[in-house]
Amino acid sequence: MTAAARSKRLVVAITGASGAIYGVRILEQLRRHPDWESHLVLSASGALTAAQELALKRADIEALADVVHNVKDIGASVASGSFATEGMVVAPCSMKTLAAVALGMADNLVSRAADVALKERRRVVLVARETPLNLAHLRNMTSVTEMGGIVFPPVPAFYNQPASLDDVVNHTVGRVLDLFGIPHENLLERWDGLRKPFGP
């Protein structure tokens with residue numbers, strides 16, 4: 001399917017927090033849906049972290065996206081509200097990026113694209129990766145939430161009894177995709193009530 005024929009677009013940003021696998025896995029899932037067009041913004045710190053954590057080069061990650069934008073290109077399509085998207089996910093989202101979004105800094109294409117999505121009342125999901133949190137982090141999370149964004153720390157679930165780190169990652173990615181109505185299979189076990197019989 002050509003880009004022109006795609007019906008939905010999602011901006012995916014990967015920044016310098018630990019957890020590059022979240023953004024990479026989201027891109028991998030989007031490739032399964034020809035009706036979704038992914039627009040990647042990969043920061044320098046995000047590329048560095050991905051190299052450390054996943055042994056992936058920038059080109060490896062960019063190859064997963066339909067469209068790649070330079071983080072310094074404030075004139076890119078995703079920097080304008082007239083460019084229709086379903087929203088944006090920043091995975092992982094560094095505390096620097098969180099602060100930039102919370103304050104409306106728009107100092108690079110990640111924070112500018114998030115600012116645009118928020119002003120257009122589109123869904124913005126920040127997979128914020130940091131712990132413990134200081135007061136500045138918490139206040140920035142509150143600000144983003146008050147603006148309509150969703151702060152989504154990748155907190156693992158244990159009711160699904162994950163057997164591997166991959167299970168933990170997939171659960172978070174599945175929940176993020178749910179927020180955009182992107183279908184997926186076998187990423188997470190959905191809660192269906194307490195198992196019986198109850199334990200001691």
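Here the structure is a predicted model, which is why all the values come from computation and not from measurement.
With hydrogens and angles ignored, the 3.5 Å screen pairs a side-chain donor or acceptor of Asp60 with a backbone N or O of Lys57. In this structure, Arg9 contributes its side chain and His39 its backbone to no donor-acceptor pair below 3.5 Å. One N or O on the side chain of Glu53 and one on the backbone of Gly19 form a donor-acceptor pair closer than 3.5 Å. The backbone N or O of Cys93 sits nowhere less than 3.5 Å from a side-chain atom of Thr97 that would complete a donor-acceptor pair. Remark: the backbone N or O of Thr15 is not paired with any side-chain donor or acceptor of Ser94 at under 3.5 angstrom.
Atom CZ of Arg175 has 12 or fewer heavy atoms from other residues, nucleotides or ligands within 6.0 Å. Around atom CE of Met105, no more than 12 heavy atoms belonging to other residues, nucleotides or ligands sit under 6.0 Å away. The environment of Asn134 atom CG is dense: over 12 non-hydrogen atoms of other residues, nucleotides or ligands sit within 6.0 angstrom. Residue-environment remark: NZ (Lys119) exceeds the threshold of 12 foreign heavy atoms within 6.0 Å.
Using modelled atom types, one finds no donor on one side chain facing an acceptor on the other under 3.5 Å when comparing Asn170 with His184. The closest side-chain donor-acceptor pair between Ser45 and Ser43, if any, does not fall under 3.5 angstrom. A donor-acceptor contact closer than 3.5 angstrom is absent between the side chains of Thr145 and Thr142.
The CZ atom of Arg58 sits 9.5 Å away from atom CD1 of Ile14, with the distance rounded to the nearest 0.5 Å. Going from atom CG of Leu126 over to atom CZ of Arg129 covers 14.5 Å, rounded to the nearest 0.5 Å. Here the straight-line distance linking atom CG of Leu138 with atom CG of Leu98 works out to 9.5 Å at 0.5 Å rounding. Separating the NE2 atom in His69 from the CZ atom in Arg112 is a distance of 13.5 Å, to the nearest 0.5 Å. Atom CE in Met141 sits 4.5 Å away from atom CE in Met95 (nearest 0.5 Å). If you take CG on Asp66 and OG on Ser38, they are separated by 4.0 Å, rounding to the nearest 0.5 Å.
Under a hydrophobic-cluster definition in which Ile, Leu, Val, Met, Phe, Trp and Tyr are linked whenever side-chain heavy atoms come within less than 4.5 Å, directly or via other members, Phe152 and Val144 are assigned to different clusters. Hydrophobic clustering (side-chain heavy atoms under 4.5 Å, transitive across Ile, Leu, Val, Met, Phe, Trp, Tyr) keeps Val41 apart from Leu56. Val12 and Leu118 end up in different hydrophobic clusters when Ile, Leu, Val, Met, Phe, Trp and Tyr side chains are linked at under 4.5 Å. By the criterion of side-chain heavy atoms lying less than 4.5 angstrom apart, applied directly or through intervening Ile, Leu, Val, Met, Phe, Trp or Tyr residues, Leu30 is grouped together with Ile21 in one hydrophobic cluster. Ile61 and Leu109 fall into different hydrophobic clusters, where Ile, Leu, Val, Met, Phe, Trp and Tyr residues are linked whenever their side-chain heavy atoms come under 4.5 Å apart, directly or through other members.
Looking at heavy atoms from C-beta onward, Ile26 lies in side-chain contact with Val176 at the 4.5 angstrom threshold. A heavy-atom distance below 4.5 Å is not found between the side chains of Lys8 and Phe180.
A ring-centre distance under 6.0 Å is not found for Phe158 and His171.
Counting all heavy atoms, side chain and backbone alike, Ala79 lies closest to Val116 at O-CG2, 3.2 Å. Across all non-hydrogen atoms, the minimal contact from Pro154 to Ala128 is CD-O, 3.3 Å. Heavy atoms only, all atoms of each residue included: Pro92 and Ser18 are closest at CB-O, 3.6 Å. Residues Ala114 and Val101 approach most closely at CB-CG2, 3.8 Å, considering heavy atoms. Closest non-hydrogen pair, Ser111 versus Asp107, comes out as OG-OD1, 2.9 Å. When every heavy atom of Ala65 is checked against every heavy atom of Leu40, the shortest pair comes out as CB-CB, 3.6 Å.
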Problem - Stepwise side chain to side chain contact (heavy atoms under 4.5 Å, CB included) check, Ile150 with Val124 - result: CA-CA 6 Å; Ile150 297 174; Val124 174; over 6 Å; no
Handout entry: side chain to side chain contact (heavy atoms under 4.5 Å, CB included) assessment of Arg122 paired with Thr85
Key = CA-CA 8 Å; Arg122 297 169 186 160; Thr85 72; 3.7 Å; yes
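Salt bridge absent: Glu28 and Arg31 never bring a charged side-chain N and a carboxylate O closer than 4.0 Å.
For Thr49, the side chain to side chain donor-acceptor pair (under 3.5 Å) test picks out no residue, with sequence neighbours left out.
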